[in-house]
Amino acid sequence: MRSICVAVLMYLSAVGANPVKKERTTRAPKRGANTSSISKTPTTSTIVVSTATSTNKVILAASLNTNPKQLVTYRYGQPVMQGSSTKLYPIFYGPTWTTSQKNHILAFLSSFSPASKPSPPWFDTLHLYYSANTSSSPLTYISGYPTLVKPAQVYGFTTMFYGLNVNYTQMPSLISVAIQSAYFGPGTTTPDPNGIYMLIGDTTITNDYVCKTLCGFHDTFNINGVAVKWLYTSNTATQCPSGCGVAEGQSPLNGGIGDAGTDALVNILAHEIAETMVDPLGTSWIKGSGTENGDVCNFVYGPPVTLGARHDYQAVWEGSLVKYRIQTLYNPWTNVCVISP
């Protein structure tokens, strides 16, 4: 595997695989903040909550600042990803992943479609987003749901190509190693233009952004003309449990899985997947400053739904291993943060 890594690094250098989009924050950091002082203040103003008891559905909304500069808007001629053709490629990096942790993440990534009976249908909010060539062109809405491509290599990248510290500039090379070494099985050794490659570090992996000012980010790089969409986050349970956890000061610092790091991971993954779908190149659905649909509703949950003595839940996924606590998403038509459209 070491020789494969070297070969891929040379290949990337030849095609100019440089990230082209600014990294995205999952929680708005304070200037110069360390992991214990990452801001938990959402980018919205007063929280407004409404509930409906039908089918265990909880509809949450947060009123946004009425200043139009706070809203995420579309830039014509720019792409979005179609759910019906999007595939999710998780890459588990690090030596301490447990089977249970990976199974929970894989189950979550499989749970967006109606076949999994998600309640509320969190992903359906992304069906409100569209693309169009000009302001007078027909709107093409996002439709369908992404599908999961499970890793063929059970243990992931335990050979540690870059050791325990993986910097931002090294990540495209590492993702390319996974692609070209058939990490996802035969027939997956070329980049999928409709894929989202998710590099996920375990508790031992450090990074030059995560748990310093960010909880996760997404970006693109190029291989032979294919814009490879990717994201990165890691299990932050030991590095910044309060900075990137889902409970926001509540006890315990977890959601439905019962493992603080894994609970945080599924929330951050949901955030970054939603942003990549509607803004894959950093040019489509954004604020002027680069804020995206997940950022506008960053860590906005509303009051949790208590379904048991131990954990609090926000979005309820029926048919998955457990229930998850997931942030709301920005509705571009009503200008509120919602758990479903």
Side-chain angles (χ1 to χ4, degrees), residues 1-19 79 81-113 115-116 123 144-163 166 170-202 205 218-235 265-266 269 272-273 276-277 280 319-321:
M1 295 297 291
R2 181 72 60 181
S3 61
I4 292 176
C5 179
V6 173
V8 171
L9 288 174
M10 294 173 63
Y11 170 70
L12 289 175
S13 176
V15 299
N18 295 316
M81 300 183 73
Q82 283 297 328
S84 55
S85 58
T86 298
K87 295 181 180 179
L88 306 176
Y89 295 88
I91 302 168
F92 296 100
Y93 184 73
T96 66
W97 283 109
T98 68
T99 299
S100 174
Q101 289 172 330
K102 289 189 290 186
N103 284 344
H104 277 300
I105 292 171
L106 293 175
F108 172 73
L109 294 174
S110 301
S111 66
F112 296 123
S113 74
S116 298
F123 190 89
Y145 303 86
T147 57
L148 172 67
V149 180
K150 293 183 178 181
Q153 300 181 21
V154 177
Y155 298 105
F157 277 159
T158 56
T159 47
M160 309 307 298
F161 295 103
Y162 289 111
V166 184
Q170 297 170 321
M171 292 178 181
S173 298
L174 184 53
I175 292 168
S176 294
V177 169
I179 295 172
Q180 296 193 0
S181 62
Y183 181 79
F184 297 99
T188 63
T189 56
T190 57
D192 183 352
N194 297 313
I196 301 176
Y197 291 90
M198 298 170 287
L199 184 60
I200 312 171
D202 67 16
I205 304 302
H218 70 100
D219 210 329
T220 61
F221 67 95
N222 186 281
I223 296 180
N224 285 345
V226 176
V228 180
K229 275 75 72 177
W230 64 280
L231 63 83
Y232 175 78
T233 187
S234 62
N235 188 321
L265 270 175
V266 297
L269 286 169
E272 299 299 338
I273 289 169
T276 305
M277 293 291 300
S320 297
L321 292 180

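Just so you know, residue 1 is the first one in the sequence shown, and it goes up from there.
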> If only atom types and distance count, is the side chain of Q101 paired as donor or acceptor with the main-chain N or O of T98 below 3.5 Å?
Replying inline: yes
> At their closest point, which heavy atom of F221 faces which heavy atom of S176, and how far apart are they?
Replying inline: CE1-OG, 3.4 Å
> Just checking, is any N or O donor in the side chain of T86 or N194 under 3.5 Å from an acceptor N or O on the other one?
Replying inline: no
>> Less than 4.5 Å apart, side chain to side chain, heavy atoms only: is that true for S173 and Y162?
In response: yes
> Say you draw a straight line from OH of Y93 to CG of L174; how long is it, rounded to the nearest 0.5 Å?
Replying inline: 5.5 Å
> Is there a side-chain contact between I179 and T190, using heavy atoms and a 4.5 Å cut-off?
Replying inline: no
> Which atom pair, heavy atoms only, marks the closest approach of G185 to A152?
Replying inline: N-CB, 3.5 Å
>> Taking the side chain as everything from C-beta on, heavy atoms only, tell me whether V226 gets closer than 4.5 Å to N222.
In response: no
> Any side-chain heavy atom of W97 within less than 4.5 Å of one from I200?
Replying inline: yes
> If you round to the nearest 0.5 Å, how far is CE of M277 from OH of Y145?
Replying inline: 11.0 Å
> Shortest non-hydrogen contact from V149 to P90?
Replying inline: O-CD, 3.3 Å
> Is there a side-chain contact between L265 and T233, using heavy atoms and a 4.5 Å cut-off?
Replying inline: yes
>> Could you report the tightest heavy-atom contact between T276 and M81, atom names first, then the distance?
In response: O-SD, 3.7 Å
> Rounded to the nearest 0.5 Å, how far apart are OH of Y232 and CD1 of I175?
Replying inline: 10.5 Å
>> Could you measure the distance from the CG atom of N103 to the OG atom of S110? Nearest 0.5 Å is fine.
In response: 10.0 Å
> Any side-chain heavy-atom pair from L231 and I273 closer than 4.5 angstrom?
Replying inline: yes
>> Under the side-chain contact (heavy atoms from CB on, under 4.5 Å) test against W230, which residue among M171, E272, H218, M198 passes?
In response: M171
>> Using the rule given for side chain to side chain contact (heavy atoms under 4.5 Å, CB included), can you reason through T220 versus V228, listing the C-alpha separation, both sets of side-chain angles and the distance that settles it, and then say yes or no?
In response: CA-CA 5 Å; T220 61; V228 180; over 6 Å; no
> Between D202 and P95, what is the shortest heavy-atom contact and its length?
Replying inline: OD2-N, 2.9 Å
> So, for P280 and P79, which heavy atoms are closest and what is the spacing to 0.1 Å?
Replying inline: CD-O, 3.4 Å
> Where do Y89 and F184 land on the ring pair (Phe, Tyr, Trp, His ring centres under 6.0 Å) test, with the steps shown first?
Replying inline: CA-CA 8 Å; Y89 295 88; F184 297 99; 4.9 Å; yes
> Only one of D192, L148, I196 clears side-chain contact (heavy atoms from CB on, under 4.5 Å) with K87; which?
Replying inline: D192
> Do the side chains of L106 and F92 get nearer than 4.5 Å, heavy atoms only?
Replying inline: yes
